Amino acid sequence: MKWLAVATVFCFALGALAQDDSRETVQGIIEAVNMYKAGNAAGATKRFESLYQAHPQNPDVLSWLGFLYLSADRPGDAAPLLEKAAEEKPHDLEVLTNLGNAYMKEGQEQKALKEYQTVAAMNPKMFEAWYNIGNIYLHESKFSSAVDAYNRAAALKSEDPYIYNNLGVAFDSNKQYDQAATYFEKASNLKTDNRTFARNAGLALLRARKTEVAIPYLQRSNGLDPSDASVALALGDAYSKVGRRADALSLYESLKDSMPDNATLWYNLGVLRAQKGDDAGAIEAYSKAEQLNPNDLDTMNNLGLLQYKKGDFQAARSTFDKLRGLNPNSRETLMNLSAADVKLGDYPDAVEIWKAMLKEDPTRVKVRIALANAEWIMLNFEGAKADYETVLSTNKNNPDALNGLGLYYLKNNKLPTAEQDFRAAIQADYNFVPAYNNLAITLERENQRPAAMKFLQKALQIDPKNSDAKSNLDRMKSAG
């Protein structure tokens, strides 16, 4: 919450003393007032308490003692005295204002509002009344009324940053972020040493999607209070959004020791370290974030992907398996888990996953291809053939399915049919290197070695590092 400037404004001025006061009473009041002005509030309070015992109906004594109790945060003692003073001096603006303040401190906002409204009606140029009326309406979430009151206060005191901050709170609470940002900026620019004004401006500008403009205010707030985690993290996020990743990374790295238990910090560090190419550092950061917040899906997904990229497939599978437990309907998680299974040679688990996914949605081509390929490796050739054919029934030009079906016929020595499928796979995807290699083997078995070698050469033009094509070409060349 941004309740920075909602404290009531006290006011007191010693006017002319009552004409019927005795000289002794007047002198006592003057002495007590002088004590207060000299900074001796406690002495002034004791003196007025003595005067009150002697003159319990004196409006000046009541007003001053009520004011001193209020200043000492004793609103329960102040209110009865100020009520009596108001009865004696019903047109005294200071007494009415302080009575409103006492009610506010006691939580009696409607009583306070009545007093402030009375003051404002008697003197529309009384800044304190409009400001305090705005505070009450703001606390009651009557944002439009609060804005009206604060605007009246601002017209009377145009350089008061607290008014503009509270105007910002009113607009921000009403989700009018552009207007809120405007007033928060004004407050912060009027009082640059106030970290909350700067904080409010920066965060409101972010909500208004003005990231670049928000950064100086977030920097200002962070400089005034580096311990504010929300500002520090928001500043780092703002740096990232405008492309200042190095600044974001530097900031987050500097916060590690002061915010070791902040999961968001470690997550952001993981993102930025990964973007920098520091996969090991990113894994460390994501791991700490996962320890602090083990149910965060993004953290676990990113950690699993980096573990997989690193080649630590066992760790990746463990991470994706935990993620599956948290989000069992995530297709991406299931595919990542099955990919780790395949890398670990655990085809049965991967097949179980893919079959469950296909039961839910039989049209997923990539999943069915993966299932067919796994079945082939597990020597379930008929099952693989059936799945390849299922794919081709709705996608007749799928190169993976055509190549897989070609392998089935090649294995069963049906060379013309195999050749036809491999050629169809190449026609479907000119860069599908496995089909070139398989077609070359088929042509070789059909005693068409020169043609076979041409297809291997084409495969190496597409992928010069393809080891299967290279070894087959070398073997055919050596065979003459």
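Computed over heavy atoms, backbone and side chain alike; hydrogens, waters and symmetry mates excluded. As the structure is a computational prediction, the values presented were derived from the model and not from experiment.
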In Å, rounded to the nearest 0.5 Å, how long is the span from [atom1] of [X] to [atom2] of [Y]?
X      : Y      : atom1 : atom2 : result
Leu337 : Lys322 : CG    : NZ    : 13.0 Å
Gln117 : Asn132 : CD    : CG    : 12.0 Å
Leu167 : Asn151 : CG    : CG    : 5.5 Å
Asn166 : Asp172 : CG    : CG    : 12.0 Å
Asn302 : Leu323 : CG    : CG    : 10.0 Å
Arg74  : Lys105 : CZ    : NZ    : 12.0 Å

[X] side chain vs [Y] backbone, donor-acceptor pair below 3.5 Å:
X      : Y      : answer
Ser221 : Arg195 : yes
Ser158 : Ala155 : no
Asn301 : Leu297 : no
Tyr252 : Leu233 : yes
Thr192 : Asn189 : no
Thr333 : Asn329 : no
Ser250 : Ala246 : no
Tyr286 : Met300 : no
Trp266 : Pro260 : yes
Asp278 : Ala274 : no

Ion pair check, [X] and [Y], cut-off under 4.0 Å:
X      : Y      : result
Arg199 : Asp228 : yes
Arg152 : Asp148 : no
Arg331 : Asp361 : yes
Glu88  : Lys84  : no
Arg273 : Asp279 : no

[X] and [Y]: side chain donor to acceptor below 3.5 Å:
X      : Y      : result
Tyr388 : Asn373 : yes
Ser188 : Arg220 : yes
Glu94  : Ser63  : no
Asn268 : Asp237 : no
Glu87  : Gln57  : no

For this session: Return each pair, listed once, that meets salt bridge (Lys or Arg N to Asp or Glu O under 4.0 Å) where at least one residue sits in residues 342-356; pairs must be two or more places apart or across chains.
Result: Arg317-Asp346

Minimal non-hydrogen separation, [X] against [Y], with atom names:
X      : Y      : answer
Gly134 : Ala146 : O-CB, 3.7 Å
Arg324 : Leu334 : CD-CD2, 3.5 Å
Tyr52  : Leu62  : CE1-CD2, 3.5 Å
Leu358 : Arg364 : CD2-O, 3.6 Å

Exercise. How far apart are the C-alpha atoms of Thr394 and Thr363, what are their side-chain angles, what is the distance that settles it, and do they pass the side chain to side chain contact (heavy atoms under 4.5 Å, CB included) test?
Worked result: CA-CA 9 Å; Thr394 57; Thr363 65; over 6 Å; no

Decide yes or no for [X] and [Y]: does some side-chain heavy atom of the first lie under 4.5 Å from some side-chain heavy atom of the second?
X      : Y      : answer
Lys186 : Thr182 : no
Val147 : Asn174 : no
Lys142 : Ile136 : no
Glu83  : Tyr103 : yes
Pro75  : Met104 : no
Leu205 : Tyr177 : no
Phe432 : Ile462 : no
Ser287 : Leu303 : yes

Exercise. Which is it for Asn222 and Tyr217 under the side-chain hydrogen bond (donor to acceptor under 3.5 Å, both in side chains) test, yes or no, and what are the steps along the way?
Worked result: CA-CA 8 Å; Asn222 186 61; Tyr217 293 100; over 6 Å; no

Problem set entry | Trace of the side chain to side chain contact (heavy atoms under 4.5 Å, CB included) decision for Met335 with Met357 | CA-CA 9 Å; Met335 289 302 292; Met357 293 177 72; 4.0 Å; yes

For this session: Determine whether more than 12 heavy atoms belonging to other residues, nucleotides or ligands lie under 6.0 Å from atom CD of Glu49.
Result: yes

Could you check whether [Y] and [X] have their ring centres less than 6.0 Å apart?
X      : Y      : value
Tyr150 : Tyr137 : no
Phe67  : Tyr36  : yes
Phe184 : Tyr164 : no

For this session: Report the C-alpha distance between Glu115 and Lys111 in whole Å, list the side-chain angles of each, state the deciding distance to 0.1 Å, and finish with yes or no for salt bridge (Lys or Arg N to Asp or Glu O under 4.0 Å).
Result: CA-CA 7 Å; Glu115 299 301 327; Lys111 282 189 173 183; over 6 Å; no

Exercise. Are Leu51 and Asn58 close enough, and set up right, to give a side chain to side chain contact (heavy atoms under 4.5 Å, CB included), and what steps lead you there?
Worked result: CA-CA 9 Å; Leu51 288 167; Asn58 185 290; over 6 Å; no

Exercise. How far apart are the C-alpha atoms of Asn293 and Thr299, what are their side-chain angles, what is the distance that settles it, and do they pass the side chain to side chain contact (heavy atoms under 4.5 Å, CB included) test?
Worked result: CA-CA 9 Å; Asn293 187 5; Thr299 297; over 6 Å; no

Exercise. Which of parallel (below 30°), tilted (30 to 60°) and perpendicular (above 60°) describes Phe313 and Tyr308?
Worked result: perpendicular

For this session: Tell me whether the guanidinium CZ or amine NZ of Lys191 lies under 6.0 angstrom from the six-membered ring centre of Phe197 and within 45° of its axis.
Result: no

Problem set entry | Pairing residues for Ala370 by the side chain to side chain contact (heavy atoms under 4.5 Å, CB included) criterion, not counting sequence neighbours | Trp354

For this session: Please determine which of Leu96, Leu70, Leu82 meets the side chain to side chain contact (heavy atoms under 4.5 Å, CB included) test together with Asn101.
Result: Leu70

